[in-house]
2 protein chains.
Amino acid sequence: MNKATGKVKGRRAILIGGVPMDMDNCPVRDVMDHIGGKWNSLMILMLADGPLRFSELRRLIPDISQRMLTQTLRDLQRDGYLSRTVYPTQPPSVEYGLTHLGRSFLAVLRLFVDWSVENHEAIRKARAEFDAPV
Amino acid sequence: MNKATGKVKGRRAILIGGVPMDMDNCPVRDVMDHIGGKWNSLMILMLADGPLRFSELRRLIPDISQRMLTQTLRDLQRDGYLSRTVYPTQPPSVEYGLTHLGRSFLAVLRLFVDWSVENHEAIRKARAEFDAPV
DNA sequence: CTGGATCCAACTTGATACTG
DNA sequence: CAGTATCAAGTTGGATCCAG
């Protein structure tokens, strides 16, 4: 997907378990395209326990660049996962927190996280076996 | 992530809800990197009702290129989600089906799919509101 | 039929410098 | 403090041709 234009490349309708799925406007792809980024899910997890400020997030996630932090937060806010509150202090401070939608998604995300942790070893094993020179 | 080398770029350890998470070897990112591709999840959904052959998958998913179909199937097989069975016919036919791990992941994936369908409208609405010229 | 190999355009991310 | 702008580099996915 092209995040700049919002346009997607030609997808048509296909059947999933007999249910027609419009590939040009697929909810699953739409959600996945927007939370599948490198930092998006992590951001939601970081905010699970309460709102944090821009600088706090940058400190908590040392590897993220300023640019990606800004972009990730704006994308998540745009899709309704995060709320953004500006406090008119000097200098200004901005706080980000999960919305109702964000907390709703957090539940699904946590299942995914749990599954990943539980099955990571099995995956690594399968991978090693596949890569084995035989 | 670099799929060729398997190397990841410098990620360190951060805290998620007080729990240290090794960013250089994060199970969640590892799983997400490998099933977050354009076709991977769709492939698992397509095989939910039983094994399918290469040519059947290509027919059922018209938009996928031969290259991506091959690559997606191999990636999923490598990670243990799919099994690959070759029938020594002439010409050869190959059947792909979900493994136990694949079916296990399917359950999580279905929750994600359901959530996406349920909340897609809310997301679209939030997006439109955010983009409103105001 | 089921792939492998190559080339290439688009998209994503990072580094760095600058601003209200 | 919380961003924006610009440039550089890496990855992904698609088109096409070839092979067992």
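Protein chains get the first letters and strands the later ones, always in sequence-line order, with residue 1 at the start of each.
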Steps toward side chain to side chain donor-acceptor pair (under 3.5 Å) verdict (B:Y87, B:E95): CA-CA 8 Å; B:Y87 295 100; B:E95 205 172 67; 3.3 Å; yes
Per-nucleotide protein contact string for nucleotides 2-9 of chain C (B base, S sugar-phosphate only, - none; heavy atom under 4.0 Å): BBB-B---
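- As a whole-Å value, the separation of A:M68 CE from D:dA8 P is 19 Å.
- The main-chain N or O of A:I35 is found under 3.5 Å from a side-chain atom of A:S41 such that the two form a donor-acceptor pair.
- At least one donor-acceptor pair under 3.5 Å links the side chain of A:N40 to the backbone N or O of A:H34.
- Close to D:dT11, at under 4.0 Å from its OP1 or OP2, lies no side-chain N or O of A:K38.
- Counting to the nearest Å, the P atom of D:dA2 and the CD atom of A:Q77 are 14 Å from each other.
- Here the C1' atom of nucleotide D:dG13 and the CD1 atom of B:I64 are 10 Å apart, to the nearest Å.
- Per the geometry, CG belonging to A:D63 stands 13 Å off C1' belonging to C:dT13, to the nearest Å.
- Electrostatic pairing of A:R127 and B:D30 counts as a salt bridge here, judged by a charged N lying under 4.0 Å from a carboxylate O.
- Following rounding to the nearest Å, A:R29 (CZ) and D:dT12 (P) show an atom-to-atom distance of 14 Å.
- Within the 4.5 Å cutoff, the side chain of A:F105 has heavy atoms near those of the A:I44 side chain.
- Atoms CH2 (B:W39) and C1' (D:dG14) sit 10 Å apart, rounded to a whole Å.
- Using a 30° and 60° split on the angle between ring planes, B:W115 and A:Y81 fall in the parallel class, below 30°.
- The distance from atom CD1 of A:I61 to atom P of D:dA2 is 14 Å, rounded to the nearest whole Å.
- Straight-line distance from the CG atom of B:L69 to the C1' atom of C:dC1: 12 Å, rounded to whole Å.
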